[in-house]
Amino acid sequence: MYIVFMSETKLSSDLLRGHTDTMVLKLLNEGDKYGYEISKLITEKSRGAYQLNEATMYSCLKRLEREACIKSYWGDETNGGRRKYYSITRHGQDLYVQNKENWENAKTILSKLL
Amino acid sequence: MKQKLEAHLNEVFKQYGDFPALVDVKQELLGNLEDKFRDLMQQGYEESVAFQMTIDSIGDISEFTESNSNDAITDERVASPRNLSSSNLRGADLAGSSLVNANFKNSSLKNADLSNSDLRESVLSSTELSRATFKGSDLSRANLSRAELREANFTDSNLTGTAFKGCGLNRAKFDSANLTNTRFIGSGLKEASFGGQVKLIDTDFSKSDLSGVKFDNLVLTGVKFDNASLKGVSFQGATLNNVSFHHAAVKRAIFDGASMDKVTFAPLKSAGALLENVRII
């Protein structure tokens with residue numbers, strides 16, 4: 001039972017992981033955010049079903065930054081550590097819209113096939 | 001708690017040695033972890049549990065170092081038949097080679113001769129390629145993102161669908177090259193040359209610095225200059241069809257004697273470009 005449960009979780013999380021970039025773009029499309037805000041919102045919105053660890057989020061953010069989809073800047077915080085904020089670029093917004101469309105398309109096809 | 005988290009980070013990053021972005025990575029991570037810890041405490045977790053949950057959320061440390069030293073695009077990491085990554089091939093003579101799919105990531109090919117080579121879908125990202133020559137080569141769908149390509153020579157080459165994101169391409173030569181769907185996003189292209197029979201169709205120069213570049217008498221179709229720096233860029237006598245200049249600094253570009261369609265003309269005019277001597281087609 002346990003093994004079945006584990007593989008189910010793993011499968012759906014692999015499926016979700018493939019869309020991490022789009023999830024992050026969506027959140028940044030709603031306004032600039034720093035790392036913890038992004039991971040917290042993902043946990044909250046998915047009610048804990050999908051959690052993004054720091055390492056995965058970091059490589060996602062770096063990848064998006066390199067592809068000029070997002071930009072980053074240091075915020076000046078006084079209490080606590082410094083926060084690095086991310087903001088979406090026009091190119092990132094275009095990519096988000098495109099990914100979202102692709103997903104809607106795939107969803108329609110998959111629901112007919114599965 | 002900051003000290004405790006910091007000490008933990010120093011410990012887990014120790015085995016990965018020093019890498020360029022280490023200080024930045026740690027600082028950003030520490031900020032996130034502190035907030036997470038504070039949040040968990042507020043939710044009523046006991047301190048030791050909150051600490052454990054916080055450090056458990058870090059994940060696989062190697063992902064931090066990889067996304068800095070390598071390309072984070074994992075698809076590119078598929079086993080390549082010709083893996084020449086991180087090699088030193090300065091000044092090498094590779095003219096006429098068949099290097100389809102080759103991987104030269106992080107290599108140095110400064111001054112190398114790669115003319116008339118088949119480099120389709122090759123990976124040349126983060127590669128040092130200053131003054132390398134690619135005359136007559138096929139680089140279609142190759143990835144050269146973040147490569148240093150100062151004064152590189154792409155005369156007569158095929159760059160269809162090639163990615164040059166974030167590249168240093170100052171004074172590079174693209175004379176008579178095929179730049180259909182080539183993406184130069186965020187690159188430095190100061191004084192690069194685009195002469196001869198260069199094909200500019202759906203080429204993307206978004207966010208690039210094109211200071212001093214001349215597109216005189218060329219035909220540009222579907223080309224994007226969004227957010228580009230166009231200081232002293234000249235389009236004299238050029239034909240522009242469906243060319244976009246969103247948020248580009250068009251006031252400093254020269255359009256004397258150019259011909260363009262309405263789709264190109266109208267936004268340029270409202271952006272304050274100098275269009276006195278322009279013909280609408």
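Convention: sequence-line order gives letters A, B, ...; per-chain numbering from 1.
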Participant: Which bit of Ser57(B) comes within less than 4.5 Å of chain A, counting heavy atoms only: side chain, backbone, both or neither?
Facilitator: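 Both backbone and side chain.
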Participant: So what's closer than 4.5 Å to chain A heavy atoms on Lys36(B): side chain, backbone, both or neither?
Facilitator: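 For Lys36(B), backbone and side chain are both near chain A.
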Participant: Which one, Glu37(A), Met57(A), Lys84(A), Gln51(A), leads in non-hydrogen pairs under 4.5 Å with chain B?
Facilitator: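 Maximum pair count with chain B is reached by Lys84(A).
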Participant: What do you reckon, are the aromatic ring centroids of Phe194(B) and Phe154(B) less than 6.0 Å apart?
Facilitator: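 Judged by ring-centre distance (under 6.0 Å), Phe194(B) and Phe154(B) do not meet the cut-off.
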Participant: Between Asp56(B), Leu5(B), Asn32(B), Leu29(B), which shows the greatest number of heavy-atom pairs under 4.5 Å with chain A?
Facilitator: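 The option with the most such pairs is Asn32(B).
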Participant: Is the terminal nitrogen or CZ of Lys26(A) (NZ for Lys, CZ for Arg) located under 6.0 angstrom from the six-membered ring centre of Tyr96(A) and within 45° of that ring's axis?
Facilitator: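 The answer is no, since Lys26(A) fails at least one limit relative to Tyr96(A).
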Participant: Does the gap between the ring centers of Tyr45(B) and Phe37(B) come in under 6.0 Å?
Facilitator: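 No, they do not, as the ring centres are separated by 6.0 Å or more.
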Participant: With only heavy atoms counted, which part of Thr89(A) is less than 4.5 Å from chain B, the side chain, the backbone, both or neither?
Facilitator: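 Side chain only.
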Participant: Is there a donor-acceptor contact under 3.5 Å from the side chain of Thr43(A) to the main chain of Leu41(A)?
Facilitator: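 Side chain of Thr43(A) to backbone of Leu41(A), a donor-acceptor pair under 3.5 Å: no, none is there.
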Participant: With distance as the sole criterion, is a donor-acceptor pair present between the side chains of Asp226(B) and Ser244(B) under 3.5 Å?
Facilitator: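 Ser244(B) and Asp226(B) do have a side-chain donor-acceptor pair below 3.5 Å.
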